[in-house]
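Chain identifiers are assigned alphabetically (A, B, ...) following the order of the sequence lines, protein sequences preceding nucleic acid strands; residue numbering begins at 1 within each chain. Every heavy atom of this structure was used, including side-chain atoms; hydrogens, water molecules and symmetry mates were not.
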Amino acid sequence: MRAKLACQQRSRDPPKGVNLNAHITDKLEDLAEIYDKVLGDPYKAKNHNLAANAIKDLPFKATRIEQLVDPPVIPAMASKRSTVRGKINEILTTGRLQKLEELKRNDRVVAVRELTRVWGVGEAKARHLFNVGIKTVNQLRARQMIGLKYFDEFDQRMPREEASAIAGYVERAARRACPGCVAVAAGSYRRGKPTCGDLDVLISPTREWMTAESCGSLGDGRGGVSTFKDILPTVLAELRGKGVLTDDLSVGKDSYMGLARADADADGGGGMGVVPVEPARTHRRIDVKVYAPEELPFALLYFTGSGYFNRSMRYWAKRRFGLSLNDKGIFRETSNAASKVTDAEIDDEADVFEYLRLKYVAPEDRSV
DNA sequence: CGGCAGCGCAC
DNA sequence: GTGCGC
DNA sequence: GCCG
């Protein structure tokens with residue numbers, strides 16, 4: 001009775017060493033791996049591997065599907081409806097496998113496949129990483145190493161004087177890139193806390209600058225940049241050059257996350273010829289974001305927090321008016337651009353409170 | 001159509 | 001309970 | 001994907 005069980009068989013004796021059918025099995029195995037690691041279908045994977053393994057053991061190179069069906073290399077192959085058989089047939093007749101090529105062109109497939117090669121990263125983790133923009137092992141490694149490298153430093157909060165110093169660098173860089181702009185440190189710094197876990201700096205040009213920019217009357221070599229989208233890269237370049245920014249975590253179109261430290265050019269007033277002293281200041285988490293002037297009040301409100309304060313405000317806006325609130329504006333229903341509320345002149349945070357029929361609360365009092 | 005192995009470990 | 005590796 |  002047990003005689004037929006696989007676990008009662010000796011393996012097919014002389015281990016055949018060479019695979020004469022790699023032209024078939026490579027494709028099947030690739031497809032299996034994608035089914036398993038990317039598409040979350042381990043059973044499809046298993047069956048593709050089953051066929052691949054059987055074909056690997058053949059003592060001849062298969063060129064026609066009949067050679068695999070006659071005595072079926074696996075039981076399923078006997079059936080005309082076997083989809084694996086169909087795929088093998090396609091490989092044998094065309095030398096290609098459409099389905100596989102299609103999948104291999106897919107961004108997500110490529111990324112998840114690479115990421116799951118990391119021990120501890122499975123399908124779910126890889127999918128999540130992909131969703132947050134991490135698509136390669138190198139990107140993952142960079143992130144991981146920064147986290148480890150500064151593990152102890154990230155634990156420490158900075159005195160607000162240090163936050164102020166870093167923000168000062170950002171502000172000066174911003175003013176050079178975009179004369180007249182505002183650069184405000186939000187977050188717990190703006191709420192007046194004596195220490196800060198990280199630093200959010202919001203940059204926003206003046207309305208006048210925007211107007212001048214859009215009609216091309218800037219950028220004539222007076223030091224500022226010519227377009228809105230140049231602001232962030234210009235500011236970052238200067239801060240990197242000064243050694244204020246030491247590592248990047250993510251660099252987007254109008255949002256930056258990275259590490260900064262104060263007193264990078266500590267000899268600022270110390271005169272020239274001073275040998276640069278090892279700064280050795282703690283690395284701090286910093287976010288820099290650029291907003292259009294009309295968005296600034298909302299961005300300020302949003303990034304000044306606290307998180308709890310924000311939630312309660314959003315809750316009110318939704319329950320009382322059916323409005324949704326984010327860092328860019330007030331929206332009806334969901335926050336798509338089309339539904340942005342424009343019927344009110346919102347010039348500062350106070351206008352937002354007023355629009356929502358709430359009494360103004362100063363930043364220092366928002367640490368609820 | 002449901003089942004396809006089931007476990008220990010980390011979180 | 002979920003994700004992961006085996 | 002395949003099987004019962």
Side-chain angles (χ1 to χ4, degrees), chain A residues 1-9 11-12 15 19 21-58 62 64-106 108-141 143-148 150-152 154-155:
Chain A
M1 216 63 310
R2 289 173 295 182
K4 296 179 75 167
L5 291 175
C7 59
Q8 304 291 277
Q9 313 290 320
S11 47
R12 303 281 278 160
N19 174 10
N21 291 289
H23 59 303
I24 303 171
T25 58
D26 285 353
K27 289 184 166 49
L28 292 180
E29 286 180 328
D30 275 5
L31 192 55
E33 190 190 313
I34 293 174
Y35 274 130
D36 189 22
K37 305 285 184 54
V38 186
L39 305 180
D41 203 333
Y43 297 112
K44 275 187 191 177
K46 197 187 70 176
N47 282 302
H48 282 82
N49 279 324
L50 201 66
N53 288 329
I55 294 171
K56 275 187 195 173
D57 286 342
L58 293 175
R64 295 171 298 110
I65 191 71
E66 292 75 30
Q67 298 172 291
L68 307 175
V69 172
D70 183 357
V73 60
I74 53 166
M77 294 282 290
S79 163
K80 210 147 193 159
R81 287 210 310 274
S82 160
T83 45
V84 168
R85 171 167 150 178
K87 287 182 177 113
I88 294 169
N89 190 39
E90 183 187 345
I91 295 170
L92 287 175
T93 55
T94 69
R96 307 172 44 186
L97 187 50
Q98 285 272 179
K99 176 97 179 173
L100 179 61
E101 292 177 15
E102 210 172 285
L103 286 165
K104 280 187 168 179
R105 277 195 299 272
N106 181 296
R108 198 177 70 89
V109 172
V110 172
V112 170
R113 240 182 137 196
E114 174 174 338
L115 292 169
T116 50
R117 291 171 57 201
V118 177
W119 199 97
V121 177
E123 185 202 341
K125 186 69 177 179
R127 197 186 316 127
H128 176 253
L129 290 170
F130 180 84
N131 288 339
V132 299
I134 298 176
K135 304 180 178 184
T136 69
V137 170
N138 271 337
Q139 287 174 358
L140 183 58
R141 176 184 282 133
R143 189 71 59 103
Q144 175 78 350
M145 291 188 65
I146 285 172
L148 288 174
Y150 300 117
F151 180 82
D152 299 306
F154 284 2
D155 254 6

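- Side chains of A/Lys99 and A/Leu31 form a contact here, defined as non-hydrogen atoms less than 4.5 Å apart.
- Look at A/Asp70 and A/Arg64 and you find no salt bridge, because none of the NZ, NE, NH1 or NH2 atoms lies under 4.0 Å from a carboxylate O.
- Between A/Asp36 atom CG and C/dC4 atom P there is a gap of 11 Å when expressed in whole angstrom units.
- Of the charged side-chain nitrogens involved, at least one lies within less than 4.0 Å of a carboxylate oxygen, so that A/Lys104 and A/Asp30 count as a salt-bridged pair.
- Ionic pairing of A/Glu33 and A/Arg117 is not present here: no N-O contact between side-chain nitrogen and carboxylate oxygen is shorter than 4.0 angstrom.
- As a whole-Å value, the separation of A/Asn89 CG from D/dG1 P is 15 Å.
- Within 4.0 Å (heavy atoms only), A/Lys37 reaches no atom of the nucleic acid at all.
- Across all strands, A/Ser82 comes closer than 4.0 Å only to sugar-phosphate atoms, never to a base (heavy-atom distances).
- Set against D/dC2, D/dC3, C/dG3, the side chain of A/Pro75 has D/dC3 as its closest nucleotide.
- Checked against C/dC6, C/dC4, D/dG1, the side chain of A/Trp119 finds its nearest nucleotide in C/dC6.
- Distance A/His48 NE2 to D/dC2 C1': 11 Å, rounded to the nearest Å.
- Regarding A/Ile74, its CD1 atom lies at a distance of 15 Å from the C1' atom of B/dC4, rounded to whole Å.
- Nearest to the side chain of A/Ala124, among D/dG1, C/dG3, D/dC3, sits C/dG3.
- Between the P atom of D/dG1 and the CG atom of A/Leu39 lies a distance of 10 Å, rounded to the nearest Å.
- Picking from D/dG1, D/dC2, C/dC4 the nucleotide with the shortest atom distance to the side chain of A/Lys125 gives C/dC4.
- For D/dC3 and B/dA5, the P atoms lie 15 Å apart once the distance is rounded to whole Å.
- The distance from atom CZ of A/Arg85 to atom C1' of D/dC2 is 15 Å, rounded to the nearest whole Å.
- Phosphate contact (OP1/OP2 of D/dG1, side-chain N/O of A/Lys87, threshold under 4.0 Å): present.
- For A/Lys44 and B/dG2, the NZ to P distance is 16 Å, given to the nearest whole Å.
- A/Tyr43 has a side-chain polar atom (N or O) that falls below the 4.0 Å cut-off from OP1 or OP2 of B/dA5.
- Taking atom CD1 of residue A/Ile88 and atom C1' of nucleotide D/dC2, one finds them 14 Å apart after rounding to whole Å.
- Shown here is A/His128, whose NE2 atom has no more than 12 heavy atoms of other residues, nucleotides or ligands within 6.0 Å.
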